[in-house]
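Below you'll find the structure, written out as structure tokens, and then a few comments.
For this chain, numbers begin at 1 and follow the sequence in order. Every heavy atom of this structure was used, including side-chain atoms; hydrogens, water molecules and symmetry mates were not.
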Amino acid sequence: MKVNKKIKEKKLNPFELHINNKKFTILGRKSKNEVGQPGIARSKSIQKRKKSLLLEYKFKDKSNKFVDRRIGEKNRAMTAEDRVIARFTASRVRAQKKMKYNLGEEEDLTHHGQTLSTIEKFEKPMSDDDSDSDDGRNGGKLAAEFVEKAHFGGGVLSKAGDGESSHRDLIDKLIAESKIRKYEKKQLKQETNELTEQLDKDWKELMPVVPTKNYGEIDNEDEPPTKKKVDKNSYDVLMRSLKFDRRGMASDKLKSEEEIAKDEKERLEKLESERLKRMKGFEDDSVIKHRSADDLDDGFDFGDDEIQPLAYNSEGKPLNCGDLIPVNEDENGFNNEENKNDNEEDLDDDENENGEDDNNASDSDDDDDDSNINNDMSDLKEDDASSSNEETNQDVQELDENKSKKLFVQKLKEKKIIMDEARKQLPFTFTVPESYESFQETLEERCFTEQIIIIERMIKLNHPSLGNDNRSNLQRLYPYLLQYLNDNSDSIDGWKILNSLASHLYDLTQFFPEYAAKCFIEVLKEKHTDFIESSSKKITSDTLIFLKLVPLLFPSSDYYHPVCTCAVMIASELLSLAKIRKRSDIASCLLLTTILLEYIQLSKRYIPETINILRGMLLMATEDNPVTLVQQFRSNMKMLIIKNDSTQIVWPSKLSINEIYSEADIDDAFKLTTLYVTLDLVCRFCKLCADIPSLQEIWTPHLSIINKLKIDSDKMNEQINTTKIQLQIIDKKLEKLQTLSNRPKALRLYEPRIQKVYDGRTFKTQSKENAERTKLQHRYKREMKSAVREIRKDNSFLSKLKHHEQVKSDAERRNKVKQIYSWGANQAHEINKLAKKNKK
């Protein structure tokens, strides 16, 4: 029996539909959402919220989550057997990683290039930790015979008859015997080691003769054994060679700029504290090392300077230790001059007395005097033994006191030398002064090297990364350094200071670039004002120093920079207005031109003032003027004309900085050097201006002047030819602007006729921007309404969910309360039942 299976289409309930009515119908327009299904849409939105919003609500305030990370659990393509195999393999790999540090039989460990198995089998390692015990003394202890005699056998009384008059002699004898035994044992050990090394050496020499598995079989008795050939490219050889390769060692972590600054500050503070201690007379090691009276020096060797025996005189004062004698110190840690002089006078008196005694003793060397002295001594022993012993003890005490005084004075002199050296030494810490006058006082009476060191230490101790007010301190120090450089710019020392301070000023400029730029702009404005107001119009050395310093601190390659651009404009004006009268003026102009060359080395700007000053220098070296003169040069200025008979002298190829301070007349050597430097600058500027369209028009006058130069010098002619070649290779023609003779005809264009169509609606006439804005606002409002509607639906969904949870919780609570009441009623019933039973 066949059954026709037809898919029955679900019929929509007309009451579940919502029809959107239109005001009017437009032909050709497709309408959307004419018929809506609110119930279906609502159920879809609820299901969607259950999958998203409901899950978020359930997992809210919960951080734990179970994740199955077992191998193959997420891979549905793997079977159960494959998963078991993969997990077993992973466990074996983990176990192998844990066992890599175990000492197994397969590992071949080494020590100093030799395997442990070789050391254990063939050699006996020598250790320095072998005990030096003496078998005759029971492992380093006192012998039984010595203990019996010295401790329990009467001590000194029992040995008095054997020639040992005191306990100390017995101990000295014991110490000497112990040292002899140790020396003999050391010699025996050394001889054993030498014999062992000789045996090893002989064995190594015999190894090639002994047949082993590394050598081939001997076919003939007369033929020597031959080694088997080993393949150098085999895996085993390569593995062993790589095994003993030197391994790389991990280097220390690189320190940051903050850590370096902190370490440097701590180092300087530590050095300063040590200098102050030395200046006050304090010693680094305040612990006094001494030996007790029971120390026998058994087996030890102490230096005389490190540890001294502690001894006392009859008055209880320590001897042989100058550090233990009290010293009356003043505020600086050093006793005053009066005490020192008193000590020296006492010492001199003692020395004189001792000297007299020595002289008297030396005069009594005759035989008669000796016999008299011996007779007197024998009489004294028989009659007054006790009095002589007291006098001898007093003499010994006086000698000990004199010796201690000598050591004390010597100690004081050494301490004074150390204190004087510490006072003369330059301090390691400096604070930034509050005013420039204080800064000058800090640097005065100091040499040039010490002044630079003081400035460097000020900067290191006030590094901005260390916090506090260091940044403000360095900002206060920055103008001090500029003023210090300006004050010392009247001589050649100013350029030395510039060379030393450039690196420190660069570091400070990196800390606060804006403040540094303001300071330099003020300095440049001041120098420009001084030049304009001066009647001599001379380029001073301080201006040159600051213009030289600017490109070292600030980037000169930028198209516009507040400091470099200002410096270039001021330098150009100085070149155009400078008056050239003497030797120093020429040197200053050429030096400023060289500085401007550094400015434009990267930016390759065109500075016409440099071109004019170079042309003027060339004109002063020629008699005929082939071109027109420039601004500050006149026709009678022929200060650089060189005669042929003066070219045989020796002249340098570079101008010295001393020339800008020179007051001497212009000599032939200066003329040759100036012309050589000018030609070199022309060649360099020509290379930098290679991209300018009017290059040929700029350098043609210079080429015509150079062609007039005729100097009898090979070195100068070589530079002239080099410059000529550089100027002659210019092949650029200036393209002039021209007007068109015939104006082109415009093509005839036909514009379409556009007619507006009106459909009864009125529209505002707006511009394109306003229309776009209105469109975006309309879209924004529509999206905002949709978002608000969705948020309301989400809140409604959550409120219903919370309400259902609350209802469910209340029902559970009521059920539990009823159950508790039921349990209580049952218990009360049982209690009443038992009470009635007991009453019966």
Query raised in the report: Do any pairs count as a side chain to side chain donor-acceptor pair (under 3.5 Å) and have a residue in residues 41-54, sequence neighbours left out, and if so which ones?
Result: R49-E790, R49-D794
Query raised in the report: Thinking salt bridges, do K460 and E456 make one under a 4.0 Å N-O criterion?
Result: yes
Requested in this report: Output, in order, the C-alpha distance, side-chain angles, deciding distance and verdict of side chain to side chain donor-acceptor pair (under 3.5 Å) for E573 and H528.
Outcome: CA-CA 9 Å; E573 186 174 358; H528 177 258; 2.8 Å; yes
**Report entry** Candidates I730, I729, L614 - the one meeting side chain to side chain contact (heavy atoms under 4.5 Å, CB included) with C686
**Finding:** I730
Report summary line: Taken in chain and number order and not counting sequence neighbours, the residues that satisfy side chain to side chain contact (heavy atoms under 4.5 Å, CB included) with I85 are E81, T89
Query raised in the report: Under the side chain to side chain contact (heavy atoms under 4.5 Å, CB included) test, which residues partner P433, sequence neighbours left out?
Result: S438, F439, T442, M458
Below 3.5 Å, can you tabulate the donor-acceptor pairs from side chains in residues 776-786 to any protein atom, sequence neighbours excluded?
none

Requested in this report: Calculate, to the nearest 0.5 Å, the distance between atoms CG and OG1 belonging to L597 and T593 respectively.
Outcome: 9.0 Å
Under the rule for side-chain hydrogen bond (donor to acceptor under 3.5 Å, both in side chains), what residues qualify as partners of [X], not counting sequence neighbours?
{"X": "Q806", "result": "D810"}
{"X": "D542", "result": "K527, T540"}
{"X": "R69", "result": "none"}
{"X": "Q696", "result": "none"}

Please list, one pair per line, the donor and acceptor atoms closer than 3.5 Å that link side chains of residues 506-523 to other protein atoms, with sequence neighbours excluded.
residue: T509; atom: OG1; partner: Y478; partner atom: OH; Å: 3.0
residue: T509; atom: OG1; partner: L505; partner atom: O; Å: 2.6
residue: Y515; atom: OH; partner: Q475; partner atom: O; Å: 3.0

Report task. With sequence neighbours excluded, tell me which residues meet salt bridge (Lys or Arg N to Asp or Glu O under 4.0 Å) with R792. Result -> none
Report task. Please name all residues satisfying salt bridge (Lys or Arg N to Asp or Glu O under 4.0 Å) with K22, sequence neighbours left out, ordered by chain then number. Result -> E34
Requested in this report: Decide yes or no for W495 and L544: does some side-chain heavy atom of the first lie under 4.5 Å from some side-chain heavy atom of the second?
Outcome: yes
Query raised in the report: Would a 4.5 Å heavy-atom cut-off, applied to side chains only, mark D82 and T79 as touching?
Result: yes
Query raised in the report: Donor-acceptor pair, Y599 side chain versus L547 backbone, under 3.5 Å?
Result: yes
Report summary line: Hits for ring-ring contact (aromatic ring centres under 6.0 Å, His included) against H561, two or more places apart or cross-chain, chain-then-number order -> F554
